[in-house]
Amino acid sequence: MTLRFVSRARRATLLRACCWVLLPLAACDGPEPEPQPEPPPAPRTLRLMQTSDLHTNIQPWDYFTGKADAQRGLAKVATLVRQARAEHPDCNLLLDTGDTLQGTPLGTYYALVDNAPRHPMAVAMSALGYDAMALGNHEFNYGLGVLGKFKSEVNFPLLGANVRHEADGGEAFTPYLLKDVCGVKVGILGLVTPGVKTWERPENIPGLRFDDPLQTARTYVPRMRQEGADVVVVAIHSGPDKQPTGSASDPASWLADYADPTKWADRGNLPGENEAVQIAQEVEGIDVMLTGHTHQPIPKMLLKNPQGQDVLLIQPNRWGSHLGQVDLSLVWEAGHWKVDGKDSLLRKVDDTVAVDAEVDRLTQGHHQTTVAYVNTPIGSTRAPFPGGFAGRYVDSALGDLINTVQEEAAAEAGHPVDFSLAALFTNDGQLPAGRLTLRDAYSIYIYDNTLYVMRINGSILRRALEHNTRYLAPWNPAAPPDASKPETAKVASVADYNWDLYSRIEYGYDLTKPQGSRLTHLRFKGQDVKDTDTFTIAINNYRGGGGGGYSMFKEGTLVWTSADGVRDYIARYVEQHPDLDPDAVNTCNFVLSPDLYAYFFRGTLGPAKCAP
């Protein structure tokens, strides 16, 4: 066979062989072929999944009412997590933004009654494969021992860049996580509201300080970028400091211009308490803000950073009512991944979402133990103590009961008070007639607040009482609200726990007057209160620290703080006072004009003892 009959490929092979044989004598003719560049990686979508403010809600159950609740619980969220993961199985992260260890009697039981077993939240979250969790303010409610045990029981880091050691300013917790996800380097920075220092008992946070989240983000975000983060996510237990005026349930309202004061209402924050928006707007290099703390369903906000780029902000409400989902479109550019598109939504927990079998199996025993715990009989009543709006719109027996408990607890600690103030947190909490269980007592005080004794003056008191009326909408006698909808008499953006009922002072409001000038009278022991008068008061730690916008209380002096929660004082009081009589507890020192109770409830519940 001659060379001219050999195939082209074979001929090339033979020529190369000849060339190598002759190499010592002469260089081969023709250049070596250029290496071909690697093709760029294909675009991809990174999915972030978020929970927040779970507050120990695992099963779809309300321990305070003793009823199933199909719209809550990590066991249901787990089903949505698995569905969302299946859509992007190799390119996803599951994150939480805090307030995990406190909130339901399950949290109380496994922190204070029996802390020996592995915490049920650690069991459930580890089984679901969380990648990280940012600390919330309520993580510190039971002290560093309980928190440290939980930290040792999970298989993911707890992030808190602004939690520092007072002694040397060093990091008390892991500040951030860098993780490779489908070839993309993702940085997750954890931050917590600095309100912890205000609200928490000092013995629960010894040696810790809580720095400004905004300044902390300015330090760590550039560091994460320098370490190669393609995507930067801030997981923060803090939210927007404003909310849409009257339309927070409309997803489109969260996309309004945040600088327009006609579209946003102030939430009444402590300084720095809710800085999520400011961090997004003022710190370069952030792609996504995963937020919490304000207990709001925020499907999407878009905020401009200093370079005019969009930062996406989301929040999945509370108690496992939603799963937050963020999808980031990524393209390869100049040797690294770049976000070129972002979108988000909330997946809602409802009747159509099933309980996840694995989480249910792992935590059902904890749930049953908690149910048995809250069903323990502790006392009785002669008649009901109504709660909700029927207990707020009048000087009610339920409000007086909580104040009586706080007054007696302070006196037993050696700090008698002049008066007390308290709020009815939910519309479900009440005491029925007859036999009472621990669940009934807990239902009227669902938060783990502790008790403060403080000294304040008349000026602080007067300003607090005027601030109190932000809860109630202006009353137009010519166009009153629907008598079948008591919720229409309040301002939608103000939480129920920000309406306080006081004992022992005589005061009243005229709701036809503008906010700031509604207080009609203020007397103590029959005498008009002067700004210079001084009082010793019982107040919970949240309000005493200025929570809910009551910053005036921070001007007072803290005299004593309890080791026990107000909820536990209530349970002990019920146990020590069998056959509670609402008429005996109820004292009349407060009036509203018009009489909201009569307008909304007298026809169905009968007249109130403290009618104007």
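- Applying the side chain to side chain donor-acceptor pair (under 3.5 Å) test to Asp212 and every residue at least two apart in sequence or in another chain returns nothing.
- Applying the side chain to side chain contact (heavy atoms under 4.5 Å, CB included) rule to Lys300 yields the partners Leu255, Leu302, Leu312, Asp343, Ser344; only residues at least two apart in sequence or on another chain are considered.
- Taking Pro377 as the reference, Arg435 meet the side chain to side chain contact (heavy atoms under 4.5 Å, CB included) condition, with sequence neighbours excluded.
- Between Asp69 and Lys67 there is no salt bridge, since no side-chain N of the basic residue sits under 4.0 Å from a carboxylate O of the acidic one.
- For the pair Lys185 and Glu227, the salt-bridge criterion is not met [side-chain N within less than 4.0 Å of a carboxylate O].
- The ring-ring contact (aromatic ring centres under 6.0 Å, His included) check on His367 picks up Trp61, Tyr63, with sequence neighbours excluded.
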*Check the pair Arg72 / Asp53 against salt bridge (charged side-chain N to carboxylate O under 4.0 Å, His left out), numbers first and verdict last.*
CA-CA 11 Å; Arg72 74 165 79 187; Asp53 297 271; over 6 Å; no
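- Listed by first then second residue, pairs satisfying disulfide bond (SG atoms under 2.5 Å apart) with a partner in residues 199-228 number zero, not counting sequence neighbours.
- The pair Asp131-Lys179 meets the salt-bridge criterion, since a charged nitrogen lies less than 4.0 angstrom from a carboxylate oxygen.
- With sequence neighbours excluded, the residues forming a ring-ring contact (aromatic ring centres under 6.0 Å, His included) with Tyr258 are Trp264, listed by chain and number.
- In this structure, Arg439 fails the cation-pi test against Tyr442, since its NZ or CZ atom is not both closer than 6.0 Å to the six-membered ring centre and inside 45 degrees of the ring normal.
- With sequence neighbours excluded, the residues that form a side chain to side chain contact (heavy atoms under 4.5 Å, CB included) with Val146 are Ala111, Asn115, Tyr142.
- Residue pairs satisfying the disulfide bond (SG atoms under 2.5 Å apart) criterion with at least one member in residues 122-235, sequence neighbours excluded, are listed as follows: Cys91-Cys182.
- Sequence neighbours left out, the pairs with a member in residues 140-154 that pass salt bridge (Lys or Arg N to Asp or Glu O under 4.0 Å) are Lys149-Glu153.
- With sequence neighbours excluded, the residues satisfying side chain to side chain contact (heavy atoms under 4.5 Å, CB included) with Glu333 are Lys338.
- For Phe425 and Phe64, the gap between ring centers reaches or exceeds 6.0 Å.
- Using a cutoff of 4.0 Å between basic side-chain nitrogens and carboxylate oxygens, Asp327 and Lys342 are not scored as salt-bridged.
- Every residue was checked against the ring-ring contact (aromatic ring centres under 6.0 Å, His included) condition with Phe553, not counting sequence neighbours, and none meets it.
- Under the rule for a ring-ring contact (aromatic ring centres under 6.0 Å, His included), Phe173 has no partner lying at least two apart in sequence or in another chain.
- Side chains of Leu346 and Asn317 form no contact here, defined as non-hydrogen atoms less than 4.5 Å apart.
- A salt bridge does not link Arg318 to Asp99: none of the charged side-chain nitrogens sits closer than 4.0 Å to a carboxylate oxygen.
- Between Trp199 and Tyr542, the ring planes lie tilted relative to each other; the angle falls in the 30° to 60° range.
- Remark: Glu284 CD is loosely packed, at most 12 non-hydrogen atoms of other residues, nucleotides or ligands lying under 6.0 Å away.
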